[in-house]
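All chains are named by letter (A, B, ...) in the order of the sequence lines, taking the proteins before the strands, and each is independently numbered beginning at 1. What you see below is based on every heavy atom in this structure, not just the backbone, and it leaves out hydrogens, waters and symmetry mates.
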Number of protein chains: 2
Amino acid sequence: MSNQEALDQYDVKKYRTPDGYTSDIAVFTIVSEKNADYKPSKMTLKLMLIKRAKQNNEKQVNIEADKWALPGGFVQDDETAFEAAGRELFEETGVSKIHLKHFGIYDKPGRDPRGWIISNAHYAIVSSQQLAQRKADDDAAEVALFSMEKVYNLNLAFDHRQIIKDAFAVIKQDLLLTTVAKNFLPEQFTYSELQSVLLTVTDDSAISSDASFARKIKSLPFIEVVEGKKTQRTSKIPTQLYRFVHMDADIIKPIYTARY
Amino acid sequence: MSNQEALDQYDVKKYRTPDGYTSDIAVFTIVSEKNADYKPSKMTLKLMLIKRAKQNNEKQVNIEADKWALPGGFVQDDETAFEAAGRELFEETGVSKIHLKHFGIYDKPGRDPRGWIISNAHYAIVSSQQLAQRKADDDAAEVALFSMEKVYNLNLAFDHRQIIKDAFAVIKQDLLLTTVAKNFLPEQFTYSELQSVLLTVTDDSAISSDASFARKIKSLPFIEVVEGKKTQRTSKIPTQLYRFVHMDADIIKPIYTARY
DNA sequence: GATAATAATTAACGTTTTGTTAAATAAAAA
DNA sequence: TTTTTATTTAACAAAACGTTAATTATTATC
């Protein structure tokens with residue numbers, strides 16, 4: 001018998017199936033408070049949340065209305081959860097070509113009172129300029145940025161508290177173990193700009209010490225000097241610019257060979 | 001209006017919903033070829049696959065029959081995909097309390113000819129003894145272990161080729177960046193046993209050099225000496241045993257502070 | 001019973017990297 | 001002209017590394 005015959009016999013309704021398949025996105029941005037000219041700015045990692053409207057598009061009372069939530073929505077049957085996340089993020093913020101990563105599935109029975117609804121969690125990295133732009137375009141829904149400490153005081157929808165906690169853990173790990181930090185930086189950056197990004201998630205002394213980090217950055221195989229290019233963004237004296245080099249494989253440095 | 005009213009108005013059938021929600025498991029084991037007494041054994045990382053039966057439980061022609069596939073099945077509406085993976089693994093191998101981790105979602109439209117079927121990918125670590133046990137109990141379905149190289153020559157079901165590729169990448173990364181290696185080892189182990197496990201996924205010279213690795217293992221904060229305990233499993237001269245210490249937080253060593 | 005063989009472990013040592021403190025630099029601000 | 005400041009280099013002792021060789025404790029062999 002052929003595969004086709006097997007297919008014809010297959011009864012798709014044999015098992016109960018989910019009532020919904022959704023994607024949510026933890027949108028991260030780094031806001032930098034520029035204190036003065038010729039100074040590196042203090043950076044803070046923030047998460048964008050939206051306040052759920054009282055009514056949905058059909059003018060009905062919205063589920064989990066008035067609570068803060070991750071942006072997201074239902075996955076269509078012609079796309080993956082990852083593609084849906086990209087689409088929804090574009091609808092919400094107007095930005096595409098941003099860093100987006102799937103990091104987990106949230107499917108505990110009862111997590112959504114509407115039924116058996118599965119959520120795919122993603123995180124995205126968007127520049128604060130891009131977010132500011134969106135805010136100006138559309139102020140229908142309330143949108144705000146929260147630091148890691150402030151976010152847990154909010155009244156959060158569904159199981160978003162847990163998703164957010166996991167999202168912060170994942171982005172912290174990725175910032176330190178991969179080169180995603182590049183998405184928070186301009187294409188060319190100074191050692192202190194990269195340092196500031198990393199210090200939003202770590203207090204490692206090898207990173208926080210200027211002398212150590214400025215010396216170390218020159219020997220990292222995934223970062224290169226931009227020959228002869230300097231900037232005065234962060235200091236009076238012209239400062240060397242660096243850029244990430246394209247790597248086709250991830251860098252994996254075993255915990256068994258690190259220094260402690 | 002209350003949340004309850006919102007719930008009553010909510011129409012669960014507004015969006016098309018998936019036709020199936022499944023969990024698949026990449027079951028890894030390490031087989032060690034013991035060449036002789038008083039010698040460390042050569043270890044190889046292998047993946048367990050099952051050959052899909054010609055007929056399903058209802059005596060119908062099975063979908064993707066005769067192809068090799070990851071064990072798995074449908075998630076029930078009272079459990080998470082992760083719980084389903086644990087249940088299915090127990091049904092399949094008879095083992096519980098093994099290391100199990102969700103690592104991805106596979107939901108590309110068309111990936112399964114039966115309809116819109118979403119697969120949750122997990123990997124599990126099972127000792128080869130536990131697998132050998134199962135083989136003896138039930139030889140109805142064909143089960144076999146394949147090395148990373150051999151597996152890609154097989155006729156694989158659905159999109160399992162991609163899932164397997166990703167599973168190998170994830171376990172490689174986890175073996176080097178976390179302490180999951182402990183699940184491949186007895187509670188107490190020699191430096192060469194740990195070394196052999198790591199060498200199944202890396203050829204890092206700091207790990208493959210005996211002198212370096214034997215010196216280094218003593219300074220790792222997540223491994224401790226078992227005072228006064230030695231074994232002759234791997235050498236004529238009694239060899240020091242080590243164990244992993246329980247850590248409540250993951251070790252994260254930034255790529256920005258590593259040596260290159 | 002002496003000798004060879006072997007995996008684990010330590011020693012030895014020159015090289016590299018680190019942590020730290022201090023000095024040098026170059027431009028702006030006072 | 002002097003002060004200020006972020007960056008960068010220098011200097012140097014301490015730590016860690018890569019490597020080769022020696023030591024150890026046992027089993028296997030003769």
Selected nucleotide, minimal atom distance to [X] side chain, candidates [options]:
{"X": "Lys39(B)", "options": "dT9(D), dA8(C), dA7(C)", "answer": "dA7(C)"}
{"X": "Thr239(B)", "options": "dT26(D), dT8(D), dA8(C)", "answer": "dA8(C)"}
{"X": "Ala211(B)", "options": "dA25(D), dT19(D), dT27(D)", "answer": "dT19(D)"}
{"X": "Ser192(B)", "options": "dT20(C), dT27(D), dA8(C)", "answer": "dA8(C)"}
{"X": "Ser209(B)", "options": "dT27(D), dT20(C), dT19(D)", "answer": "dT19(D)"}
{"X": "Tyr38(A)", "options": "dT26(D), dA27(C), dA28(C)", "answer": "dA28(C)"}

Could you state the atom-to-atom distance from [atom1] of [X] to [atom2] of [N] in whole Å?
{"X": "Lys230(A)", "N": "dA26(C)", "atom1": "NZ", "atom2": "P", "result": "9 Å"}
{"X": "Ile217(B)", "N": "dT10(C)", "atom1": "CD1", "atom2": "C1'", "result": "16 Å"}
{"X": "Tyr260(A)", "N": "dA15(D)", "atom1": "OH", "atom2": "C1'", "result": "16 Å"}
{"X": "Lys253(B)", "N": "dT18(C)", "atom1": "NZ", "atom2": "C1'", "result": "12 Å"}
{"X": "Arg259(A)", "N": "dT18(C)", "atom1": "CZ", "atom2": "P", "result": "6 Å"}
{"X": "Ile237(A)", "N": "dT8(D)", "atom1": "CD1", "atom2": "P", "result": "6 Å"}
{"X": "Phe213(A)", "N": "dG19(C)", "atom1": "CZ", "atom2": "P", "result": "13 Å"}
{"X": "Asp210(B)", "N": "dA8(C)", "atom1": "CG", "atom2": "P", "result": "7 Å"}

dA8(C), OP1 or OP2 - any side-chain N/O from Thr234(B) closer than 4.0 Å? yes
Is the shortest side-chain N/O distance from Tyr191(A) to OP1 or OP2 of dT7(D) below 4.0 Å? yes
Which residue lies more 5' along DNA chain C, comparing Ala258(B) with Glu193(B) via nearest heavy atoms: Glu193(B)
Taking for each residue the nucleotide of DNA chain C bearing the nearest heavy atom, is the 5' side occupied by Lys216(A) or by Asp37(A)? Lys216(A)
Check: Arg215(B) side chain, dG18(D) base, donor-acceptor under 3.5 Å: yes
Regarding dT4(D), can its base be found pairing with the side chain of Lys236(A) as donor and acceptor, where the two atoms are less than 3.5 Å apart? yes
What about Phe222(A) and Tyr242(A), are their ring centers closer than 6.0 Å? no
Using ring centroids (six-membered ring only for Trp), state whether Phe28(A) and Phe168(A) fall under 6.0 Å. yes
Heavy atoms only, 4.0 Å cut-off, all strands: where does Ser212(B) land among base, sugar-phosphate and nothing? base
Using a heavy-atom cut-off of under 4.0 Å over every strand shown, decide if Lys218(B) touches base, sugar-phosphate, or nothing. sugar-phosphate
Is any NZ, NE, NH1 or NH2 atom of the basic residue among Arg87(B) and Glu91(B) found under 4.0 Å from an Asp or Glu carboxylate oxygen of the other? yes
Which class fits the ring pair Trp68(B) and Phe146(B): parallel under 30°, tilted 30 to 60°, perpendicular over 60°? perpendicular
Determine the interplanar angle of the His122(B) and Phe82(B) rings, folded into 0 to 90°, and report it as parallel if under 30°, tilted if 30 to 60°, perpendicular if over 60°. tilted
Could you tell me if Lys253(B) sits above the aromatic ring of Tyr260(A), with its cationic atom closer than 6.0 Å to the ring centre and no more than 45 degrees from the axis? yes
